[in-house]
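Contents: one structure, followed by commentary.
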Amino acid sequence: MRSENEIANANASTSACDSVVTLSSAKKAFGKNEVLKDISLSVNKGDVLAIIGPSGGGKSTLLRCLTLLETLDSGRLAYGDVVVCDNDGQDKAVYAGKQTLRAAKTHFGLVFQNFNLFPHYSALKNVADPLICVQKMPKADAYDRARELLAKMGLADKADMVPCALSGGQQQRVAIARALAMNPEVLFFDEPTSALDPELTREVLRVIRELAAEHMTMAIVTHEMSFARDVADQLIFMDDGRVVEQGRAQDVIGDPQHERTRVFLANYQQG
């Protein structure tokens, strides 16, 4: 059986790779409900991966496992050369120790669909606080960085407002600024526009498009098909806990090869 020490040794000896994040043969069940069934994916530096599929297909659980909010039952997860977990001899995932997991968490940021901002903090404090508490950045430097990122999001004049005084689109842009503040190698988005109306959706998608143009590495669970087609490099279609189809985003959306993908896209476009 592979131990935490063996995982640590693997981290010490594994050479750097092109992929920012690599997931292999991942499985996850809640009781008897198999939610992820042998999922493998990788995201290379500067690429945008879109993850699409019907509700209940496993997309959000996949993202939660990638960001360590849930643990895999089996499979291998690595951020660059930092191995988060790997299988033992009985096909069970063994996770690395706390120090390695803390290191892995510095590699990614996560933007939730419901913003997850602190309601009693200003926009500025929401962005600066993780820098102060987690990275131990001096307060003045943290607030300078937060102001810079809010300006990048078009929110320079909203820095002193609390979340309830902002629109949903503005709150989501504050959340993106907060995720960017930690200088992650990859940003994960869990349906970042699902709680927004069409006008506010455009605001947030514009920001993500700009990040893609700057070659920010991203993985995005989305129902915005035209956005996925135009912005993503790679696309995965998931259904019933499996990857049904994957490839170049324009190819999968424009000319899907699997019947299940064709049915999903046709129904989605009709809806």
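Model, not experiment: these values are computed from the prediction.
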Step by step, would you call Glu203 with Arg173 a salt bridge (Lys or Arg N to Asp or Glu O under 4.0 Å)? CA-CA 8 Å; Glu203 290 181 12; Arg173 283 184 280 156; 2.8 Å; yes
Full working for side chain to side chain contact (heavy atoms under 4.5 Å, CB included) between Asp129 and Arg178: CA-CA 9 Å; Asp129 202 57; Arg178 180 182 59 186; over 6 Å; no
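Panel note: side chain Arg262, backbone Gln257; a donor-acceptor pair is recorded below 3.5 Å. When atom types are taken as modelled, the side chain of Thr201 and the backbone of Asp197 share a donor-acceptor pair closer than 3.5 angstrom. Side chain of Ser167 to main chain of Gln170: a donor-acceptor pair is present (N/O by atom type, distance under 3.5 Å, no hydrogens or angles). In this structure, the side chain of Glu245 does not engage the main chain of Ile236 through any donor-acceptor pair within 3.5 Å. Between the side chain of Lys59 and the backbone N or O of Gly241 there is no donor-acceptor pair closer than 3.5 Å. Between the side chain of Ser194 and the main chain of Glu191, a donor-acceptor pair closer than 3.5 Å is present. At least one donor-acceptor pair under 3.5 Å links the side chain of Asp88 to the backbone N or O of Gln90. The main-chain N or O of Ala103 is found under 3.5 Å from a side-chain atom of Thr106 such that the two form a donor-acceptor pair. Between the side chain of Ser24 and the backbone N or O of Ser40 there is no donor-acceptor pair closer than 3.5 Å. Judged by distance alone, the side chain of Gln172 and the main-chain N or O of Phe112 form a donor-acceptor pair under 3.5 Å.
More than 12 heavy-atom neighbours from other residues, nucleotides or ligands sit within 6.0 angstrom of CD on Glu259.
Across all their heavy atoms, Asp190 and Ser60 have their closest contact at OD1-OG, 3.1 Å. Taking all atoms of both residues into account, the shortest heavy-atom contact from Asp91 to Asn87 is OD1-ND2, 3.1 Å. Shortest non-hydrogen contact noted between Ala104 and Leu68 is CB-CD1, 4.5 Å. Cys85 and Leu72 make their closest contact through SG-CD1, 4.0 Å (heavy atoms, listed as atom of the first residue, atom of the second, distance). Nearest heavy-atom pair across Asn44 and Val20 is C-CG2, 4.1 Å. Contact record, Pro163 with Leu117: CG-CB, 3.9 Å, taken as the closest heavy-atom pair.
A continuous path of Ile, Leu, Val, Met, Phe, Trp and Tyr side chains, each step under 4.5 Å between heavy atoms, connects Val174 with Leu187, placing both in one hydrophobic cluster. Note: the hydrophobic cluster containing Leu155 does not contain Val162 (ILVMFWY, side chain heavy atoms under 4.5 Å, direct or indirect links). If you chain together hydrophobic residues whose side chains sit under 4.5 Å apart, Leu66 and Ile220 never meet in one group. The cluster map of Ile, Leu, Val, Met, Phe, Trp and Tyr, joined by side-chain heavy atoms under 4.5 Å apart, puts Ile176 and Met161 in the same cluster. A continuous path of ILVMFWY side-chain contacts below 4.5 Å connects Ile208 to Leu196, so both sit in one hydrophobic cluster.
Annotation: the span from Leu205 atom CG to Glu224 atom CD amounts to 5.5 Å, rounded to 0.5 Å. Note that CE of Met216 is 8.5 Å distant from CD of Glu185, once rounded to the nearest 0.5 Å. Rounded to the nearest 0.5 angstrom, Thr222 OG1 and Leu49 CG are separated by 11.5 Å. A distance of 11.5 Å separates CD in Gln135 from CG in Asp141, rounded to the nearest 0.5 Å. Between atom CG of residue Leu265 and atom CZ of residue Arg260 there is a gap of 9.5 Å, rounded to the nearest 0.5 Å. Separation of atoms CD (Glu70) and SG (Cys65) is listed at 6.0 Å; rounding is to 0.5 Å.
Contact of the Tyr79 side chain with the Val186 side chain is registered, since non-hydrogen atoms from C-beta on lie closer than 4.5 Å. Counting heavy atoms from C-beta outward, Met238 and Ile51 have side chains that approach closer than 4.5 Å. Within the 4.5 Å cutoff, the side chain of Lys152 has no heavy atoms near those of the Val207 side chain. Here the side chains of Leu23 and Ile39 are in contact, with some heavy-atom distance below 4.5 Å. Pro198 places a side-chain heavy atom less than 4.5 Å from the side chain of Arg202. Side-chain contact between Met218 and Val43: absent, with no pair of heavy atoms (C-beta onward) separated by less than 4.5 Å. Residues Leu69 and Leu110 form a side-chain contact, since some pair of their non-hydrogen atoms from C-beta on lies under 4.5 Å apart. Using a 4.5 Å heavy-atom cutoff, the side chains of Lys37 and Lys27 are not in contact.
Between Phe118 and Tyr121, the ring planes are tilted. Angles from 30° to 60° get that label. The aromatic rings of Phe237 and Phe264 sit tilted relative to each other, their planes meeting at an angle between 30° and 60°.
At a cut-off of 3.5 Å, with distance as the only test, no side-chain donor of Ser122 or Asp160 sits close to an acceptor on the other residue.
Remark: His258 engages no residue in a ring pair (Phe, Tyr, Trp, His ring centres under 6.0 Å) (not counting sequence neighbours). Residues forming a ring pair (Phe, Tyr, Trp, His ring centres under 6.0 Å) with Phe189 (at least two apart in sequence, or on another chain): none.
Geometrically, Lys28 engages Phe30 in a cation-pi contact defined by less than 6.0 Å to the ring centre and at most 45° from the axis.
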